[in-house]
Amino acid sequence: MNKRARNRLIGITAIILLLILAIVFTLSSQEGAFSKTVSEVVHEEVGTRVKVTGVVVAGSWDRRTNPMRFEIRDEEDATGTGPVLAVVFEGTTVPSTFGDGVTAIVTGYITEDGSIRADEMITKCPSKYESAQDAYTVAQLKEKADQMVDIPVKVAGYVKNGQVNPPGSAVRLVLVDERGATTELNVAIPVEVQVPSAAENDDTRLVITGALDDNGLFVAVEVAVEQ
């Protein structure tokens, strides 16, 4: 091997070693980048950066607080008896679908009191079928209408017979708690929001995520059939 070839081989080897070191450093600096459960995170050491997935505990949050605080528990914790993780969200934007029972994925650092101080958050889009657990009834939401403006929540109810309108209509459908009920909720569904085909049928029971506007119109961001 001549001198030029040997120098070229040494250069290539050095580049490969630098790439390997860069990869190792990146992986080590991203400890906790893979999402963990609440049960796993509650045992993490103070200062550890983690990404954790959990369901927002109903009533644990207030969008008006700054920073916003809420609690999450494991998605598989059907009985609600498992560990709960307190979250202090210091990010700039709260996802529009955030609310009771929504699955949130937060990233941040574990603090001395065992909570997570998060600077990133995304929420999972509901599937075609959604549980009505933690959802308001139409009557409950209407009763608290003055307090619920612009607050993301879930509401469950039946599509009122004959009250399904074409896409783009100001009121896409009307929701009621029971067939024949007189308390109604007008629902607006932007054209970009996907609507399950079953929702087009009268008397289908839906779980809708969204928020009331100043006029009492419920503006949907997600629509699912009750599981």
Side-chain angles (χ1 to χ4, degrees), residues 53-63 70 72-73 75-80 93-105 121-227:
T53 300
V55 175
V56 178
V57 177
S60 68
W61 56 280
D62 184 345
R63 201 180 186 92
F70 59 95
I72 57 175
R73 59 165 42 101
E75 292 180 281
E76 305 302 323
D77 183 13
T79 61
T93 304
V94 177
S96 61
T97 54
F98 180 90
D100 294 345
V102 169
T103 298
I105 305 171
M121 175 169 59
I122 60 174
T123 53
K124 285 184 179 180
C125 294
S127 59
K128 180 180 178 181
Y129 294 93
E130 177 83 2
S131 169
Q133 183 179 6
D134 298 324
Y136 285 87
T137 65
V138 170
Q140 289 172 337
L141 188 60
K142 297 278 283 188
E143 183 180 1
K144 297 182 178 181
D146 292 341
Q147 309 167 33
M148 303 300 290
V149 174
D150 293 331
I151 297 178
V153 294
K154 289 196 300 185
V155 60
Y158 289 97
V159 177
K160 185 177 179 181
N161 190 17
Q163 295 297 317
V164 178
N165 299 312
S169 302
V171 176
R172 183 72 164 81
L173 56 86
V174 176
L175 216 59
V176 293
D177 286 329
E178 309 240 352
R179 296 174 179 87
T182 56
T183 302
E184 302 176 351
L185 181 67
N186 291 334
V187 180
I189 305 177
V191 293
E192 66 268 21
V193 174
Q194 293 186 349
V195 178
S197 57
E200 300 289 335
N201 302 323
D202 294 337
D203 292 335
T204 298
R205 187 165 170 82
L206 300 178
V207 178
I208 304 178
T209 303
L212 286 169
D213 67 10
D214 292 329
N215 299 315
L217 182 67
F218 193 79
V219 182
V221 294
E222 298 287 350
V223 181
V225 177
E226 183 180 359
Q227 192 172 45

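Please read all numbers here as calculations on a predicted model, not as lab measurements.
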Donor-acceptor contact present, side-chain [X] to main-chain [Y], <3.5 Å:
X    : Y    : value
N165 : V171 : yes
Q147 : K144 : no
S169 : R172 : no

Looking at every heavy atom in both [X] and [Y], which two are closest together, and how far apart are they?
X    : Y    : value
D177 : Y158 : O-CD1, 3.2 Å
V155 : L175 : CG1-CD2, 4.2 Å
P190 : A220 : CD-O, 3.2 Å
I208 : F218 : CG2-CE2, 3.7 Å
A188 : L217 : CB-CD2, 3.6 Å

[X] versus [Y]: any side-chain heavy-atom pair under 4.5 Å?
X    : Y    : answer
V187 : V174 : no
V138 : K142 : yes
F98  : V56  : yes
T209 : V153 : no
V225 : V207 : no
V219 : V221 : no

Taking salt bridge (charged side-chain N to carboxylate O under 4.0 Å, His left out) as the definition, give me every residue that meets it alongside [X], ordered by chain and number, with sequence neighbours left out.
X    : result
D213 : none
E143 : none
E75  : K124
D77  : R73

Could you tell me which residues satisfy side chain to side chain contact (heavy atoms under 4.5 Å, CB included) with S131, sequence neighbours excluded, listed by chain and number?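 Partners of S131 by the side chain to side chain contact (heavy atoms under 4.5 Å, CB included) criterion, ordered by chain and then number, come out as Q133, Q227.
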
Would you please name every residue forming a side chain to side chain contact (heavy atoms under 4.5 Å, CB included) with A58, sequence neighbours left out?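 Per chain and number, A58 pairs via side chain to side chain contact (heavy atoms under 4.5 Å, CB included) with D100, D134.
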
Spatial distance of atom [atom1] ([X]) from atom [atom2] ([Y]) [nearest 0.5 Å]:
X    : Y    : atom1 : atom2 : value
R205 : E178 : CZ    : CD    : 8.0 Å
I105 : T123 : CD1   : OG1   : 8.5 Å
M121 : T93  : CE    : OG1   : 9.5 Å
D146 : D214 : CG    : CG    : 10.5 Å
L212 : Y136 : CG    : OH    : 10.0 Å
K160 : L185 : NZ    : CG    : 12.0 Å

Applying salt bridge (Lys or Arg N to Asp or Glu O under 4.0 Å), run through E130 and K154 and close with a yes or a no. CA-CA 10 Å; E130 177 83 2; K154 289 196 300 185; 3.2 Å; yes

Between V102 and V55, does the side-chain contact (heavy atoms from CB on, under 4.5 Å) criterion hold? Intermediate values first, please. CA-CA 6 Å; V102 169; V55 175; over 6 Å; no

